[in-house]
Amino acid sequence: MASLTELAENILAHAKRLDAFTTSKGLPSSSFDRHTLSDLPTDLEECRKSLVDACQSLKQLGNGPIGQHYEVLFNFTDALSLRFVYHYKLALYVPDDEGISFSELGRAAGVDETLVRRFLQHAMINGFFQEKSPGFVSHSTASLLLKQSKGMQDTVGFLLYDIAPGSVHVIEAMQKWPHSGEPIETGFNIAEQTSDSFYQHLARDKERSRRFGGGMRFMTQGSLYDINHLIDGYDWGALDRPGGCVVDVGGGHGGVSQALARATKHLKFVVQDLEGTVAEGTRLLPPDLSGRVEFMSHDFFKEQPIQHADIYFFRFILHNWSDKYAAQILEKLIPAMKHGSRVVIYEFLPDEVANTSWTQKQKRNLDMIQATGWNSLERTASDWRKLFASVSKGYQFLGTKTPKGSAVSLIEASFETRQVNGVAGSNPIRDQLPDDTAVLAS
Ligand SMILES: C[S@@+](CC[C@H](N)C(=O)[O-])C[C@H]1O[C@@H](n2cnc3c(N)ncnc32)[C@H](O)[C@@H]1O
């Protein structure tokens, strides 16, 4: 473990590199008034993350064990003051580039001035708003983002109102429904007093449903989620021949398939989803892709209707399902698969062992969210290996890959008919086909 001095010197070295970069671009050093560290080149983005990780370690060491407890124990107050800001839309009433008094802000938002002062002075410790002159509130970069970005507002709303309340009931849910993998036996179900699953419940409220979609879109934008990581991170070219086919299972409105179709020449994409989503996807499909991307209504708990695709692709699907259900989804592919068909999954991939770097925490946060709302999990590589092995001997786990700079990883398995020929789980439909017969005979 590095000493305090080494950590601080590390931070200094990273800070100097980042300042030199912004200076070279004619920009000021990043501050609470102006963030100048966005869209960094890859090596400087790594430098920024190292700065954050080292700062977090130094802070924890400086705080000591009691301070570390307190930081976690009191963090519900961080959510509380931000919830106050969100609920009363306070960011919207603060002018972009000048201050407003607490009393004026309270009047504009219809809230008591003293409450505004107390909650905002708490939020300021987390970097939301500033009190540059006593009694006057002005924006910081974080509060201005909340004012200007509907996506940021939706993200704050759905995490604080739709997810966080359920987290308080997770242990209660575990005791009420021991070892459950059911999506309707969760902390969310207790918090919302519903026996519907997360998505069914939200679908009953148009605004909550819209907010969830807006938040998801916001959280998956930016370089960490750039679709180019998926395009460049997998050898799509190897399949890009006439007749090549990718089935995008639970593919939503087909955004991923559209991007992959544009990056390839011949591959055909079939986007499968539930009826309403498919109708909307079809409506939104750019006409020039109509021969390459098509939509099909299909429930992934029913037998896969597209035979012999090269790839059955899943993005952000299986992490919402416990092993019991994820195994069912994978099992339903088997009758359609040919020898060598691949399952390619694009999801978060937590490290196998604890990685305490602060910038790696998001995957663990998401894993806690899966536990709260779905009784599911973000799987490690060995979780994936076990899952595939539990479904069929035919599944051969090929491994994982995280493209550089990507928050999301590729997980791949192939289907080997030789492994299942003659044993339970073999595939009568596929086994009748001439090309497979040849493979099976070899
Ligand atoms: C988190 S979204 C992911 C969408 C898409 N794969 C993407 O990455 O943009 C989950 C998708 O699964 C679909 N879905 C949920 N249950 C389904 C089912 N039983 N059969 C097919 N699709 C389903 C939802 O409609 C939704 O579009």
Side-chain angles (χ1 to χ4, degrees), residues 151 154-155 158-159 162-163 182-184 188 196-204 208-222 224-231 233-234 246-261 269-285 293-306 311-322 324-333 336 343-349 366-367 369-370 372-379 406-411:
D154 290 341
T155 304
F158 101 82
L159 282 170
D162 301 328
I163 306 275
E182 300 302 320
I184 55 167
F188 176 81
D196 282 339
S197 69
F198 183 92
Y199 289 120
Q200 286 166 340
H201 187 66
L202 246 58
R204 297 189 194 293
R208 280 179 97 185
S209 206
R210 184 211 59 75
R211 180 169 72 184
F212 179 77
M216 289 305 293
R217 263 194 305 284
F218 181 83
M219 285 177 70
T220 51
Q221 70 189 18
L224 281 173
Y225 293 91
D226 194 327
I227 198 69
N228 285 316
H229 293 309
L230 174 63
I231 293 172
Y234 191 80
V246 175
V247 181
D248 187 354
V249 188
H253 293 156
V256 172
S257 284
Q258 288 180 29
L260 290 173
F269 295 84
V270 182
V271 182
Q272 297 177 332
D273 209 290
L274 301 174
E275 208 172 322
T277 310
V278 159
E280 186 62 2
T282 309
R283 193 182 68 77
L284 295 171
L285 183 70
V293 179
E294 67 179 53
F295 286 84
M296 171 188 258
S297 174
H298 172 61
D299 174 354
F300 49 53
F301 286 106
K302 304 222 164 93
E303 199 161 287
Q304 174 55 242
I306 302 285
I311 290 181
Y312 297 90
F313 175 80
F314 295 83
R315 185 179 82 154
F316 298 147
I317 300 293
L318 296 172
H319 69 165
N320 278 161
W321 297 97
S322 65
K324 171 181 162 187
Y325 290 103
Q328 285 176 17
I329 295 169
L330 293 173
E331 204 180 336
K332 294 295 180 193
L333 299 177
V343 174
V344 175
I345 295 160
Y346 198 51
E347 282 198 359
F348 304 103
L349 185 75
L366 294 169
D367 189 40
I369 287 179
Q370 298 305 339
T372 300
W374 288 267
N375 256 337
S376 63
L377 71 163
E378 301 295 345
R379 294 178 174 86
S406 172
V408 193
S409 304
L410 287 144
I411 297 117

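Whatever order the structure lists them in is the order used to number ligands and atoms, beginning at 1. Values in this document were obtained by computation on a predicted structure and should not be read as measured data.
Checked against a 6.0 Å centroid threshold, the rings of Phe198 and Phe212 count as neighbours. The six-membered or imidazole ring of Trp321 lies away from that of Phe314, with a centre-to-centre distance of 6.0 Å or more.
For Arg210 and Asp154, the salt-bridge test passes: some basic side-chain N is under 4.0 Å from an acidic carboxylate O.
One distance of note links CG of Leu159 with CE of Met219; it measures 5.5 Å at 0.5 Å rounding.
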Could you list each N/O atom of ligand 1 together with any protein N/O atom closer than 3.5 Å, one pair per line with the distance?
residue, atom, partner, partner atom, Å
ligand 1, 6 (N), Gly250, O, 2.8
ligand 1, 6 (N), Arg315, O, 2.8
ligand 1, 8 (O), Arg315, O, 3.3
ligand 1, 8 (O), Arg315, NE, 2.6
ligand 1, 8 (O), Arg315, NH2, 3.3
ligand 1, 9 (O), Arg315, NH2, 3.1
ligand 1, 19 (N), Asp299, OD1, 2.9
ligand 1, 20 (N), Phe300, N, 2.9
ligand 1, 25 (O), Asp273, OD1, 2.6
ligand 1, 27 (O), Asp273, OD2, 2.7

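For the residue pair Gln370 and Asn320, a side-chain donor N or O sits within less than 3.5 Å of a side-chain acceptor on the partner. Side-chain atoms of Glu280 and His253 form no donor-acceptor pair, as typed in the model, at a separation below 3.5 Å.
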